[in-house]
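Structure record follows, encoded as structure tokens.
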Amino acid sequence: MVEQFNSKESKFVPYVSASKSLPELTATAIILGIILAIVFGAANAYLGLLIGLTVSASIPAAVISMAILRGVFRRDSILENNIVQTMTTAGEAIGAGAVFTIPALFMWDMDVSQAFIIFVVLTGGFLGVFMMVPLRQLLIVREHETLPYPEGTACAEVLKSGERGGTSAKLIGAGLVIGGVVKGLGDGFKLFKTEVETGITNFKNAVVGLDAFPSLLGVGYIIGPRVAGQMLGGGLLAWVVLIPVISFFGGNNGTAIFPSDVPIGELDAWGIWDNYIRYIGAGAVATGGLITLIKTLPILFSSVIDTLKGVKANKGQLKSGSIRTEQDIPAKYVWLGTIILILIIAFTPITDVGIIGAIAIAIFGFLFVTVASRVVGIVGSSSSPVSGMTIATLLIVAIVYKATGFTGTTGMVAALTVAAIICTALAVSGDVSQDLKTGYIVGGTPWKQQVAMMIGVVASASVIGFILVLMDNAYTMGSAELPAPKAALMKILAEGVLGGDLPWTLIFIGAAISITLEFFGLNSLVVAVGIYLPVHTSAPIMIGGFIRFFVEFFSKTKEALKARVDRGVLFASGLIAGESLIGVLIAILIAAGVQVPAAAKLASNLLPFLLFLALAGLLWFVSSKGKKEDAS
């Protein structure tokens, strides 16, 4: 069934009409949604800590939901499936909001309590839902034909094509098993190395490498060759240009150069990366994030103006309707809940952000949630400038705190807490916007989706702190094994504004690099992330991007292209989820004191490289196999 419009009234008709009532917010949907929210929240948390990026969980969740509800329980309500994917994306959003900010506290060697983490992500998550509810009628309904919400529309198409759920679920399941097995054998049982590295002859400290992680291959396929290529370009700039340059000019200096306390001549490539490149990368990422935000300023202003105009023009008409598909959570509960949350944030001793922090959260929350909700409707969640808006929030709040005498460690923690709540609210509001678009197309009940999103927020918030503590105990936040790049950036910015002694020259070099990249027409934020991360991370992502490029190149028709890309995305999503979940399991075992082998039994670079190439070949095979019925 396709989207329909009534020509007389130009009114959209959803897949399930408003007059029809199907099972929706059922106990089965809630239980399955909670499980998937926790699973995908953990997977996205792992991925965000590893590479600073997260991936959308809505389509994989919709496919898994259909496979379970239709295949196991023999239930055929599309609206139940919609509730499950809505709750699952809450886990994804909570994972992103948490890992982009809170790990900075672990890097300060602070004792971060579970209560603190739960409070931050719960308040941020609820604010993201509450602040989006009044915008649904305007952005989702009134501007249905002008704001496509790409992920939400795509998920709706998947739900409407539910009869293909069996094949799609098998692709995700196969990827999940393979990704988990490779991760378990490599980093769990240490049967082989998962990192390939080699130097370049007569090129001092120039290093290239590859982390043979299935998740990185999957990420590369999903983001595509252009973004993956720019990320690899940043990695090569750092590891084949900047590190050798620093080695060449500083190698004969017997005096340590700040911020390192060891002479450059005594540092290897990893030592130079840790002491110098990470600050350059941090400056590049911060500037790239702000540039991305500046680029969206026209949308920011137009979003606020259009929203205010829309509210004024439709005053009295943007209330929840009497029919099922127009019913939001009542406005009085939304505003009451928002006010209560802001007051709790202002006076609770758990966070100690004070009235200034609470006011900042109220102002930036409303402003940026409005922007995020509209921006994701145009360019999608993956292109939303969440990092830039979070950086702007952190810098402004830190400056205000410093001006009022709120400095030192207490001030840094408070500023980071405000940024964490805003970041979580933005991530959740963007995802709930996509979910409400999906619901609008398939005929869901808005208030039930909004309640489902809050249940998913609670479920994910209850375990995300446990996951962060586990990962820190097992791998250490900010280490080469778990860089947590976005959180490390927030840490550096907070230290810089509120009293930390930072190598500002290195940070400004990174900022200059990002500005230069913009003049080359590149995405400075993507390249900057490549500079900050080891090249070992961006290289396997590029291989995944190459697979996507060849799949697109050899597809002769749009139908075949869509079928093949969709197959690859589902399999790649499985690889990401499988490795991520086993990564969390390994962290649990390490924290529990289970003895993990100290070194790989097969230490050669060749085996993991060949294994990774075989995995890439399998991704190509799965993507290019597309049957005729897949393209029909």
Side-chain angles (χ1 to χ4, degrees), residues 45-46 48-50 52 94-125 259 274 278-279 282 286 344-354 356-358 360-361 390-391 393-395 397-402 404-424 460-502 584 587-588 590-591:
Y46 173 86
L49 291 170
L50 188 64
I94 289 296
V99 302
F100 288 171
T101 50
I102 295 175
L105 300 176
F106 292 90
M107 297 177 197
W108 279 323
D109 292 326
M110 301 188 67
D111 184 16
V112 186
S113 69
Q114 294 286 335
F116 173 85
I117 298 174
I118 291 173
F119 179 84
V120 167
V121 294
L122 266 183
T123 52
D274 188 44
R278 290 215 283 183
Y279 290 101
I344 291 174
I345 291 170
F347 298 107
T348 182
I350 296 178
T351 56
D352 197 26
V353 300
I356 292 176
I361 289 169
T390 304
I391 291 169
T393 300
L394 177 64
L395 290 175
V397 171
I399 291 171
V400 172
Y401 275 154
K402 187 171 184 177
T404 56
F406 197 24
T407 58
T409 302
T410 304
M412 289 189 293
V413 172
L416 187 76
T417 301
V418 172
I421 293 174
I422 291 295
C423 185
T424 306
S460 305
S462 64
V463 299
I464 195 68
F466 173 70
I467 292 169
L468 292 181
V469 171
L470 276 176
M471 301 303 285
D472 183 59
N473 290 339
Y475 304 112
T476 306
M477 298 289 187
S479 67
E481 288 183 290
L482 208 66
K486 295 289 178 66
L489 168 64
M490 302 300 170
K491 167 182 175 288
I492 290 172
L493 293 177
E495 289 175 344
V497 176
L498 291 166
D501 188 14
L502 292 178
V584 174
I588 292 174
I590 293 174

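Quick caveat: nothing in here was measured; it's all calculated off a predicted structure.
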Could you tell me the separation between the CD1 atom of Ile421 and the CD1 atom of Ile361, rounded to the nearest 0.5 Å?
3.5 Å

Kindly indicate whether the side chain of Ile391, heavy atoms from C-beta on, has any atom under 4.5 Å from the side chain of Met490.
yes

When rounded to the nearest 0.5 Å, the distance separating CD1 of Ile118 from CD1 of Ile94 is 11.0 Å

Flag, side chain of Tyr401 to backbone of Val353, donor-acceptor distance under 3.5 Å:
yes

Rounded to the nearest 0.5 Å, what's the gap from CE on Met477 to NZ on Lys491? Could you check?
13.5 Å

Counting C-beta onward and ignoring hydrogens, is there a side-chain heavy-atom pair between Phe116 and Leu105 closer than 4.5 Å?
yes

Taking side chain as C-beta onward, heavy atoms only, is Ile102 less than 4.5 Å from Val121?
yes

Nearest atoms (heavy-atom pairs only) where Arg278 meets Gly478:
NH1-O, 2.6 Å

To the nearest 0.5 Å, tell me how far Asp472 CG sits from Ile467 CD1.
13.5 Å

Work out which heavy atom in Gly357 is nearest to a heavy atom in Val418; give both atom names and the distance.
CA-CG2, 3.8 Å

Taking all non-hydrogen atoms of both residues, which atom of Thr424 and which atom of Gly125 are closest, and how far apart?
CG2-N, 3.7 Å

Can you tell me how far apart CZ (Phe119) and CD1 (Ile344) are? Round to the nearest 0.5 Å.
6.5 Å

Heavy-atom closest contact (Leu394 atom, Ala494 atom, distance)
CD2-N, 4.3 Å

One should read off an interatomic distance between Met471 CE and Phe106 CZ, to the nearest 0.5 angstrom, of 11.5 Å

Okay, side chain of Thr123, backbone of Val120: is any donor-acceptor separation there less than 3.5 Å?
yes

Looking at every heavy atom in both Ala488 and Pro483, which two are closest together, and how far apart are they?
CB-O, 4.2 Å

Between Lys402 (side chain only) and Val497 (backbone N and O only), is there a donor and an acceptor less than 3.5 Å apart?
yes

Result of checking Ile464, Leu468, Leu470, Val469 against Phe466 for side chain to side chain contact (heavy atoms under 4.5 Å, CB included)
Leu470

Gly48 and Pro485: which non-hydrogen atoms are nearest, and at how many Å?
O-CD, 4.0 Å

